[in-house]
Number of protein chains: 2
Amino acid sequence: MGTTQLESVPEPKYWHLKTVLNDALDSEFEVGEILPNERDLAARFGVARATLRQALEQLELEGRLQRRRGVGTTVAPPRMGVSVGPSANTWPGAGIDAWETVGCVEAAAPAAIAALLGTAPDQAVHTIRRVRVMRGQPVAAELLYVPPASVPGLPGDLTPATHAPAVLRELHTLELEGEDRSVELGSARADDAKQLDRLPGAPVLVVTARYYAAGRVAAASVSTYRADTCRLTFGDAGAFEVTHHQQDTRQAS
Amino acid sequence: MGTTQLESVPEPKYWHLKTVLNDALDSEFEVGEILPNERDLAARFGVARATLRQALEQLELEGRLQRRRGVGTTVAPPRMGVSVGPSANTWPGAGIDAWETVGCVEAAAPAAIAALLGTAPDQAVHTIRRVRVMRGQPVAAELLYVPPASVPGLPGDLTPATHAPAVLRELHTLELEGEDRSVELGSARADDAKQLDRLPGAPVLVVTARYYAAGRVAAASVSTYRADTCRLTFGDAGAFEVTHHQQDTRQAS
DNA sequence: AAGTGGTCTAGACCACCCC
DNA sequence: GGGTGGTCTAGACCACTTA
């Protein structure tokens with residue numbers, strides 16, 4: 001009979017560190033409070049800085065921390081619940097939906113977008129860039145693609161300032177028959193990262209949506225949400241508030 | 001007049017490396033093909049192994065690679081589209097929905113779950129653990145919580161084998177009035193990771209759902225989906241197939 | 001100028017898988 | 001036993017913010 005082997009599978013240091021820090025955040029820190037710097041924290045826990053950073057990275061991924069170069073590491077507030085429909089079937093840009101247009105061009109869509117829209121690969125489409133802001137901070141960057149066939153009544157005298165509003169106005173004259181969406185994990189491209197106030201490569205939730213009218217795909221959008229600060233909400237019962245982070249909603253079976 | 005400064009913001013090595021590898025995966029490798037090992041790749045690109053790993057980690061996060069300890073790094077197939085409703089308003093466990101029950105206990109729910117359900121913090125609830133399998137591999141691990149009040153007709157003589165089916169059967173006698181969901185990024189806990197065939201800390205998409213009946217929350221579930229292999233689909237137009245990865249659907253504005 | 005997080009190096013050892 | 005990816009170290013320098 002050997003001794004009972006409690007640590008037959010010793011957990012990695014960074015994993016244990018993450019647990020300790022997570023508990024400390026709950027009990028010893030307030031939202032917005034700044035943590036000691038990484039070199040001090042590493043020394044305090046007796047690990048290399050890279051090991052500490054591995055724990056911090058996971059906590060940031062889970063929305064518990066926010067790190068800013070040149071500033072420091074702060075305790076993040078709970079994630080915002082962001083509705084991504086379909087609460088009511090509405091066209092993008094209709095009503096007050098917290099999106100702000102930042103640009104609009106007519107250009108050939110990438111191959112995958114053409115496949116989504118069902119257009120020819122080199123077909124020029126209206127491409128509207130928008131940003132979604134909540135509580136004063138950007139939460140999503142979007143590219144909305146509208147084939148010319150969906151907006152036949154578009155006037156010809158368009159300036160950069162009138163292009164996007166005109167496309168949206170024409171789009172809204174169609175009857176929206178349905179929409180579908182998909183969500184997947186991605187990393188922010190350089191342009192999206194800049195608009196989201198993050199570094200390139202930051203984790204994002206990519207929402208791809210298709211809008212149907214007249215039996216065809218009338219428009220499509222690719223929205224890039226900050227994964228660290230957002231919780232996407234769906235469904236007919238409305239967005240709901242939770243009081244804790246998602247980790248707290250899960251337990252061992 | 002100085003010279004034009006093309007590289008005023010030099011991109012990090014790992015970022016450039018990621019781009020190079022991403023292109024190589026498209027042009028020189030097939031799905032399932034095994035890559036050279038990390039030490040060889042690092043030497044080939046003239047960088048330290050840690051730097052190469054930073055690039056590989058991002059590519060794995062984006063679903064382009066699959067890495068397995070003791071085996072190697074392979075080119076991942078496109079992500080699976082996984083429907084997470086509401087395609088039709090149905091109770092969990094109804095019909096053929098690809099979930100397999102692996103356990104069931106009656107125990108006090110964690111505080112956040114009690115808040116979701118609207119039950120007392122120490123109220124015992126039926127907790128069913130299920131696993132979702134697609135194409136022969138696990139894609140999600142779930143905990144489904146059902147308060148006793150939602151299944152009043154539950155018989156008393158329950159064995160581990162009959163517990164879960166009985167709870168589901170009783171649940172299905174209620175009329176489902178609505179459901180809502182939220183999606184956020186998380187990292188796999190040890191128990192979920194084991195069932196998903198991943199290491200602890202692997203990125204996951206956490207889907208929290210509430211099911212309404214008789215004007216109350218009759219059940220709630222927390223589902224943990226593998227973020228590397230899954231694209232979650234929502235909406236009334238049905239899951240759709242895309243031919244490329246999400247990166248291909250995005251372009252610079 | 002000082003302090004922060006971000007990137008990078010060149011090693012080492014460990015856990016796991018397969019032969 | 002040999003090869004793989006996973007963890008960890010102890011440094012260095014860079015980019016950015018703030019004062």
Side-chain angles (χ1 to χ4, degrees), chain A residues 5 7-19 21 33-61 64-76 187-188 190 193-194 197-203 228, chain B residues 5 7-19 21 33-61 64-76 187-188 190 193-194 197-203 228:
Chain A
Q5 198 161 356
E7 281 300 329
S8 67
V9 180
E11 62 185 1
K13 275 188 186 178
Y14 80 90
W15 188 260
H16 179 245
L17 205 50
K18 178 189 147 187
T19 306
L21 285 169
E33 194 173 346
I34 192 166
L35 266 62
N37 72 54
E38 296 181 349
R39 291 163 180 84
D40 285 352
L41 275 180
R44 180 176 311 186
F45 288 107
V47 299
R49 189 177 159 220
T51 303
L52 174 83
R53 278 180 59 81
Q54 211 169 342
L56 294 183
E57 266 152 34
Q58 285 229 353
L59 289 171
E60 190 180 30
L61 196 80
R64 295 285 281 149
L65 294 177
Q66 182 165 4
R67 298 193 289 173
R68 276 173 302 173
R69 169 157 51 177
V71 179
T73 302
T74 55
V75 181
S187 50
K194 178 168 290 187
D197 195 23
R198 298 252 60 196
L199 291 178
D228 55 342
Chain B
Q5 197 161 356
E7 280 300 330
S8 67
V9 180
E11 62 184 1
K13 274 188 187 179
Y14 80 90
W15 188 260
H16 179 244
L17 204 50
K18 179 189 147 187
T19 307
L21 285 168
E33 193 173 346
I34 192 166
L35 266 61
N37 73 53
E38 296 182 347
R39 291 163 180 85
D40 285 353
L41 274 180
R44 180 175 314 185
F45 288 107
V47 299
R49 189 177 159 220
T51 304
L52 174 84
R53 278 180 59 80
Q54 210 169 344
L56 294 183
E57 265 152 36
Q58 286 229 351
L59 289 171
E60 189 179 30
L61 196 80
R64 297 284 282 147
L65 294 178
Q66 182 164 3
R67 298 193 288 174
R68 277 174 301 173
R69 171 156 52 177
V71 179
T73 301
T74 55
V75 181
S187 49
K194 178 168 290 187
D197 194 25
R198 297 253 58 196
L199 290 179
D228 56 342

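Just the heavy atoms: all of them, side chains too, but no hydrogens, waters or symmetry mates, feed the values below. We name chains A, B, ... by the order of the sequence lines, and we start the count at 1 in each one.
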- Is the distance from OP1 or OP2 of C/dG5 to the nearest side-chain N or O of A/T73 less than 4.0 Å? yes
- Taken to the nearest whole Å, CG/A/L52 to C1'/D/dT9 is 13 Å
- Around A/D40, counting heavy atoms of other residues, nucleotides and ligands shown, do more than 12 lie under 6.0 Å from its CG? yes
- Message: Using 0.5 Å steps for rounding, measure from the CD atom of B/Q54 to the CG atom of B/L59.
- Response: 11.5 Å
- Euclidean distance, atom CD of residue B/Q54 to atom P of D/dT7 [Å, nearest integer]: 15 Å
- A/F45 CZ to D/dT7 P, in whole Å, measures 19 Å
- Task: Mind calculating the distance between CD (B/E11) and P (D/dA15) to the nearest angstrom?
- Result: 13 Å
- Message: On DNA chain D, compare the nucleotides closest to B/L35 and A/V71; which residue's is nearer the 5' end?
- Response: B/L35
- Item | Rounded distance in Å - CZ (B/R53) to P (C/dA10) | 17 Å
- Message: I need the B/Y14 OH to B/T19 OG1 distance, nearest 0.5 Å.
- Response: 10.5 Å
- Item | Rounded interatomic separation in angstrom, taking NZ from B/K18 and C1' from C/dT7 | 16 Å
- Length of the CZ-C1' vector between A/R69 and D/dT17, whole Å: 10 Å
- Query: What is the nucleic acid contact for A/R68, judged by heavy atoms within less than 4.0 Å: base, sugar-phosphate only, or nothing?
  - Reply: sugar-phosphate
- Report yes if at least one side-chain N or O of B/N37 is closer than 4.0 Å to OP1 or OP2 of D/dT4; otherwise report no. yes
- Message: Measuring to OP1 and OP2 of C/dT7, would you say a side-chain N or O of B/Y14 lies under 4.0 angstrom away?
- Response: yes
- Message: Taking donor-acceptor contacts at under 3.5 Å, does the side chain of B/R39 reach the base of D/dG5?
- Response: yes
- Taking OP1 and OP2 of C/dT9, is either one under 4.0 Å from a side-chain nitrogen or oxygen of B/T51? yes
- Query: Given atom CD of B/E38 and atom C1' of C/dG11, what is their separation to the nearest angstrom?
  - Reply: 15 Å
- Task: Could you tell me whether the side chain of A/R49 has a donor or acceptor atom within less than 3.5 Å of a complementary atom in the base of C/dG6?
- Result: yes
- A/E60 bridged to A/K18 by N-O distance under 4.0 Å: no
- In this structure, CG of A/L199 is separated from CZ of A/R67 (nearest 0.5 Å) by 10.0 Å
- Select base, sugar-phosphate, or nothing to describe what A/L56 touches, counting heavy atoms under 4.0 Å on all strands. nothing
